[in-house]
Asker: 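First the structure, which I've put down as structure tokens, then a few questions once you've had a look.
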Amino acid sequence: MASTVHLAPLVLSLLWLIASPPLVSCHLRPPDTFSYHGGLLLTGKLDISILFYGPIGRTQKRVVRSFIKSLNHGGGTPKPRVTSWWDTVESYQSISSPDHSAPKIAVKVVSQITDRSYSLGKVITVDFIKSMVKTATAGKPPAGLVVIFTGKECAVASLCRGRCYDHGVIDNQPYLIVGNPEVECPGACAWPFLKSSYGPPGITLKPPNGNPVVDAILVNFAAGLAAAVTNPFMTGFSKPGPKSWPLEASTMCEGMFARGASPGNPGKVALDGKSGGAFNAYGLNGMKFLLPALWNLLKERILRCLDT
């Protein structure tokens, strides 16, 4: 049986609001500037090429693959499902398509490469990302999306300053790179499984799959995937955000996972009856995931998995 947890330290939240830069409040309707900018979205058959850069462990690979498979296969899975979360991502097509339809986005991993030796070094800049994209797609047709997961000894120049993933386009190839918060920026990119370095101390949760770093990477991957699909060429859905970074489908309500969320409090997430692991979505084969809330474009409100 799943139970719920909800802690809302009002005083700490107020202190966080005073000490932190302005963020979008997802309890209010966001400005109309969050909109569609006329560009292409990733849709239809979405082939993914994955590069595991560094000695990535089996647990992380298993959790990532299980999540991807769960995006399109929810039959027999308890609710709330990963597929319901993915439905929200797919719904963005109804605004961008001429006939206002929202067809299914069929996600499939078509290639997977592991570079255990950090062959390009352990400090990654945009120039190196270009080489990593080529490695991920070497000898294969262009992918719909290249996803790069970095090992714990790797530092990515564009990350760890308020961002835990980055996405963009190189030679017309959309890519997503997800950092590893085990050593670098655990207080920024591993919450709510590890203590936050910013804002109120808040609470930490037990990871649904037993490893706080792996489950934090999955949260960041899910957020990055939603952003890359709905704004792959930076001409899709977004609004201006802090430090010139756009706010996208998954960052409109960053740090929210369930009802009752507030700064430092992820909300009323479900808890596994045996392990105590926190989750808000069921995947295939009994897997559980904690997924970031998404902005529901059609209803103009935040959507969390436990709301469905």
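For the numbers below, each heavy atom of this structure counts, side chains included, while hydrogens, waters and symmetry mates do not.
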Asker: Could you state the interatomic distance from NZ (Lys108) to OG (Ser49), rounded to the nearest 0.5 Å?
Answerer: 11.5 Å

Asker: Under 30°, 30 to 60°, or over 60°: which ring-plane class applies to Phe52 and Phe149, parallel, tilted or perpendicular?
Answerer: parallel

Asker: Measure from the side-chain N and O atoms of Tyr282 to the backbone N and O of Asn285, and report whether any donor-acceptor pair falls under 3.5 Å.
Answerer: no

Asker: Is it true that Val133 and Val110 fall in one hydrophobic cluster, defined by side-chain heavy atoms closer than 4.5 Å?
Answerer: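 Different clusters: Val133 never reaches Val110 through Ile, Leu, Val, Met, Phe, Trp or Tyr contacts under 4.5 Å.
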
Asker: Just so I know, are the side chains of Ser70 and Thr77 near enough to count as touching, which here means a heavy-atom distance under 4.5 Å?
Answerer: no

Asker: Distance from Cys189 atom SG to Tyr165 atom OH, nearest 0.5 Å?
Answerer: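 Reported value, rounded in 0.5 Å steps: 10.5 Å.
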
Asker: Write down the atom of Ala222, the atom of Trp85, and the distance for their closest heavy-atom approach.
Answerer: O-CH2, 3.3 Å

Asker: Among Phe67, Phe279, Trp86, find the residue that satisfies the side chain to side chain contact (heavy atoms under 4.5 Å, CB included) test when tested with Leu291.
Answerer: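 With Leu291 as partner, Phe67, Phe279, Trp86 yield a single side chain to side chain contact (heavy atoms under 4.5 Å, CB included), made by Phe67.
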
Asker: Determine yes or no for a side-chain-to-main-chain donor-acceptor pair under 3.5 angstrom, with Thr251 supplying the side chain and Leu247 the backbone.
Answerer: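 Checked: no pair found.
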
Asker: So, does Asp171 use its side chain to make a donor-acceptor pair with the main chain of Gln173 at under 3.5 Å?
Answerer: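 No, Asp171 side chain to Gln173 backbone: no donor-acceptor pair under 3.5 Å.
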
Asker: Ignoring hydrogens and angles, state whether a donor on the side chain of Ser158 or Asp166 is under 3.5 Å from an acceptor on the partner side chain.
Answerer: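 On atom types as modelled, these side chains qualify, holding a pair under 3.5 Å.
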
Asker: If we ignore hydrogens and angles and just use 3.5 Å, is the side chain of Asn280 paired with the main-chain N or O of Val269 as donor and acceptor?
Answerer: no

Asker: For the pair Asn231 (side chain) and Gly236 (backbone), establish whether a donor and an acceptor sit closer than 3.5 Å, ignoring hydrogens and angles.
Answerer: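 Present.
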
Asker: Which pairs pass disulfide (SG to SG under 2.5 Å) with one or both residues in residues 67-123, sequence neighbours excluded?
Answerer: none

Asker: Is there a path of hydrophobic side-chain contacts, each under 4.5 Å between heavy atoms of I, L, V, M, F, W or Y residues, that connects Val147 with Phe233?
Answerer: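 No; Phe233 is not reachable from Val147 via cluster members.
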
Asker: Taking the side chain from Glu90 and the backbone from Lys104, do they hold a donor-acceptor pair closer than 3.5 Å?
Answerer: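 Absent.
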
Asker: Check whether Asn265 reaches the backbone of Gly260 with its side chain - one donor and one acceptor, N or O, closer than 3.5 Å.
Answerer: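 Yes.
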
Asker: Side chains of Ser275 and Lys288: do they bring a donor and an acceptor to under 3.5 Å?
Answerer: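 Absent: no donor and acceptor within the cut-off.
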
Asker: Quick check: do Asn209 and Asn211 have side-chain heavy atoms less than 4.5 Å from each other?
Answerer: no

Asker: Could you grab the distance from atom CG of Leu218 to atom CD1 of Ile68, nearest 0.5 Å is fine?
Answerer: 9.0 Å

Asker: When you compare the side chain of Asp115 with that of Leu51, does any pair of heavy atoms fall below 4.5 Å?
Answerer: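 Counting from C-beta outward, Leu51 and Asp115 do come under 4.5 Å.
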
Asker: Under 3.5 Å, is there a donor-acceptor pair between the side chain of Tyr53 and the main chain of Leu120?
Answerer: yes

Asker: Work out which heavy atom in Val213 is nearest to a heavy atom in Pro181; give both atom names and the distance.
Answerer: CG1-CD, 4.0 Å

Asker: Do Ser101 and Asp99 meet the criterion of a side-chain donor-acceptor pair at a distance under 3.5 Å?
Answerer: yes

Asker: Measure from the side-chain N and O atoms of His100 to the backbone N and O of Ser94, and report whether any donor-acceptor pair falls under 3.5 Å.
Answerer: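 Between the backbone of Ser94 and the side chain of His100 there is a qualifying donor-acceptor contact (under 3.5 Å).
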
Asker: Is a side-chain N or O of Thr230 found less than 3.5 angstrom from the main chain of Ala226, in a donor-acceptor match?
Answerer: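 Judged by distance alone, yes, a pair lies under 3.5 Å.
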
Asker: Once you round to the nearest 0.5 Å, how far does NZ of Lys61 lie from CD1 of Ile50?
Answerer: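 Between Lys61 NZ and Ile50 CD1, I get 10.0 Å after rounding to 0.5 Å.
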
Asker: For Lys152, does the NZ atom have more than 12 heavy-atom neighbours from other residues, nucleotides or ligands under 6.0 Å away?
Answerer: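 No, NZ of Lys152 has 12 or fewer neighbouring heavy atoms, counting only those of other groups under 6.0 Å.
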
Asker: Consider only side-chain heavy atoms of I, L, V, M, F, W and Y, link residues closer than 4.5 Å, and tell whether Val107 and Leu42 are in one cluster.
Answerer: yes

Asker: Of all heavy-atom pairs between Arg116 and Pro55, which one has the smallest distance, and what is that distance?
Answerer: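 The answer is O-CD, 3.5 Å.
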
Asker: Compare every heavy atom of Leu71 with every heavy atom of Thr83, then report the nearest pair and how far apart it is.
Answerer: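 What the structure gives for the nearest pair is CG2-O, 3.4 Å.
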
Asker: Is the Cys164 SG less than 2.5 Å from the Cys185 SG?
Answerer: no

Asker: Is atom CZ of Phe128 surrounded by more than 12 heavy atoms (other residues, nucleotides or ligands) closer than 6.0 Å?
Answerer: no

Asker: Do Leu145 and Leu294 share a hydrophobic cluster (ILVMFWY, side-chain heavy atoms under 4.5 Å, transitive)?
Answerer: yes

